[in-house]
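See structure below.
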Amino acid sequence: MKIIKKIVDLRKALAIDRKNNEKIGFVPTMGALHEGHASLVRRSIEENDKTVVSIFLNPTQFNDQSDFVNYPQTFDADCMLMQTLGADYVFAPSVTEIYPEPDTRQFSFPPVTTVMEGARRPGHFNGVCQVVSRLFDIVQPNNAYFGEKDWQQIAVVKQLVSYMGSSVNIVECPIIREESGLAMSSRNARLTTDERKLAATIYKILKESLEKAKTCTVKETRAWVIDEINAHEGLEVEYFSIVDGLTLIDLDNWNDSSQAVGCITVYCGSTPIRLIDHIKYYN
């Protein structure tokens, strides 16, 4: 496995691979890698000849500077994990390598960039689009792998690819959960042992809502989930939206979509950690 920090060096290496007609898979990450990331890398290795994993903590997608500063960074451990899995390249550029000049580009793909996370984290998805478009231009992968935990992000990236006129295939990969049901996330490292147990309640209640949805309206199901989670001291729902899985438009009735998805963000703990998850309601 090669660790590459310069764009020119990665492009040279990948040019040789393409000359040999090798298919390139790409897994973009911000580091602090866990089993969820590992599942994406394994799939890329299985489906491609060469796999590139980027480790880049992108400053432009953080609307909360404290979140950026506190984001866990475990570069040496990340590289060891990628080596063990069999990734071919770890691309670990500096901020100035990705952004030699301030990126002033503006991306907006309503409604997918303006609802839920887009409404509550101004500039977040613009930063996501800035970095993903840069990385796609650098790597030029055949396939790029994203985890479904960030359901809205996948919808945004698909819109970005269409806007760019890119041929990259976006591969959606299932959420990997801890034994408790908690969705794996780099932010979980900031939870205490007790908070980790408490956070597992989120998915437990989401699963229970599948039964509620069989006899309750969308509005009733939504209200039940929020009330049940907020009843636990140390958990506070920021939002829970039940939306069409493709357009992310809020649903009034279950029959309005062939795949309803409940997307949730919850603050957990005394020093609140912001956790996201989702549940699919199949009609």
Side-chain angles (χ1 to χ4, degrees), residues 1-62 68 71-101 103 127-150 153-154 157 160-161 164 166-174 176 184-187 189:
M1 184 186 80
K2 295 180 180 178
I3 299 174
I4 298 177
K5 298 190 175 183
K6 295 293 184 181
I7 293 170
V8 63
D9 295 332
L10 181 63
R11 282 178 165 159
K12 284 179 181 177
L14 293 176
I16 295 170
D17 296 331
R18 288 193 189 88
K19 191 174 181 180
N20 294 327
N21 294 317
E22 293 189 304
K23 191 187 299 182
I24 309 299
F26 178 45
V27 181
T29 84
M30 294 202 298
L33 305 184
H34 51 68
E35 181 56 33
H37 298 106
S39 70
L40 307 183
V41 175
R42 290 191 191 96
R43 183 158 175 186
S44 177
I45 290 171
E46 181 181 329
E47 297 178 354
N48 301 277
D49 301 301
K50 291 291 173 67
T51 289
V52 181
V53 179
S54 65
I55 297 177
F56 177 67
L57 188 58
N58 176 41
T60 71
Q61 70 189 70
F62 286 85
F68 174 69
Y71 199 89
Q73 297 186 58
T74 56
F75 184 72
D76 290 343
D78 293 346
C79 288
M80 288 179 63
L81 176 59
M82 294 302 99
Q83 175 85 47
T84 301
L85 293 174
D88 298 284
Y89 306 105
V90 166
F91 179 48
S94 65
V95 172
T96 54
E97 187 72 8
I98 294 296
Y99 302 117
E101 297 177 354
D103 194 335
V128 169
C129 289
Q130 286 175 344
V131 73
V132 170
S133 62
R134 282 286 287 144
L135 291 170
F136 281 180
D137 180 62
I138 293 163
V139 179
Q140 297 183 22
N142 299 93
N143 300 300
Y145 297 79
F146 292 84
E148 285 187 346
K149 183 177 77 70
D150 295 299
Q153 178 174 270
I154 291 176
V157 170
L160 174 66
V161 167
M164 292 172 62
S166 171
S167 61
V168 61
N169 176 45
I170 303 302
V171 183
E172 303 169 38
C173 301
I176 303 299
M184 288 193 174
S185 169
S186 300
R187 287 184 171 85

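One-based numbering along the sequence shown. None of the values given here were measured: they were computed from a predicted structure. Note that these values count all heavy atoms, side chains included, but never hydrogens, waters or copies made by symmetry.
In this structure the side chain of V52 never reaches within 4.5 angstrom of the side chain of P141, judged on heavy atoms. In this structure, the side chains of I55 and L33 come closer than 4.5 Å at one or more pairs of heavy atoms. Two residues are said to be in side-chain contact when any heavy atoms from C-beta on lie closer than 4.5 Å; Y71 and R187 meet this criterion.
D137 pairs by the salt bridge (Lys or Arg N to Asp or Glu O under 4.0 Å) definition with R11, not counting sequence neighbours. The salt bridge (Lys or Arg N to Asp or Glu O under 4.0 Å) search around R134 returns none, not counting sequence neighbours. Under the side chain to side chain contact (heavy atoms under 4.5 Å, CB included) criterion, S167 pairs with no residue, sequence neighbours left out. Among residues two or more places apart in sequence or in another chain, the ring-ring contact (aromatic ring centres under 6.0 Å, His included) test is passed with F75 by none. Under the side chain to side chain contact (heavy atoms under 4.5 Å, CB included) criterion, T60 pairs with N58, Y99, Q130, sequence neighbours left out. Partners of D9 according to the salt bridge (Lys or Arg N to Asp or Glu O under 4.0 Å) rule, which considers only residues two or more places apart in sequence or in another chain, do not exist here. N169 pairs by the side chain to side chain donor-acceptor pair (under 3.5 Å) definition with N143, not counting sequence neighbours. Residues meeting the side chain to side chain contact (heavy atoms under 4.5 Å, CB included) test with Q73, sequence neighbours left out: L57.
We find the CD1-CD1 distance between I138 and I98 to be 4.0 Å, quoted to the nearest 0.5 Å. The CD atom of Q140 sits 5.0 Å away from atom CZ of R18, with the distance rounded to the nearest 0.5 Å. Within the model, atoms CG of N48 and CZ of R43 stand 10.0 Å from one another, a figure rounded to the nearest 0.5 Å. Taken to the nearest 0.5 Å, the OG atom of S186 stands 7.5 Å off from the CE atom of M30.
The list of salt bridge (charged side-chain N to carboxylate O under 4.0 Å, His left out) pairs with a residue in residues 22-32, not counting sequence neighbours, reads E22-K50. Sorted by first and then second residue, the ring-ring contact (aromatic ring centres under 6.0 Å, His included) pairs involving residues 27-55 (not counting sequence neighbours) are H34-H37. For residues 25-38, the pairs satisfying salt bridge (charged side-chain N to carboxylate O under 4.0 Å, His left out) are E35-R42, with sequence neighbours left out.
In terms of heavy-atom proximity, I154 sits nearest to E172 at CG2-CG, 3.7 Å. When every heavy atom of G36 is checked against every heavy atom of M184, the shortest pair comes out as N-SD, 3.7 Å. Of all the heavy atoms in S133 and C129, the pair that sits closest is OG-O, 2.7 Å. Counting all heavy atoms, side chain and backbone alike, S44 lies closest to F26 at OG-N, 4.0 Å. P59 and F68 get closest at one heavy-atom pair: CA-CE1, 3.8 Å. Residues L160 and V132 come closest through the heavy atom pair CD2-CG1, 3.8 Å.
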Distance-only donor-acceptor hits, side chain of residues 79-91, under 3.5 Å, sequence neighbours excluded:
unit_1 : atom_1 : unit_2 : atom_2 : d
T84    : OG1    : M80    : O      : 2.9
D88    : OD2    : T51    : N      : 2.8
Y89    : OH     : D17    : OD2    : 2.7

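Side-chain atoms of S54 never come within 3.5 Å of backbone atoms of F56 as a donor-acceptor pair (strictly under, hydrogens ignored).
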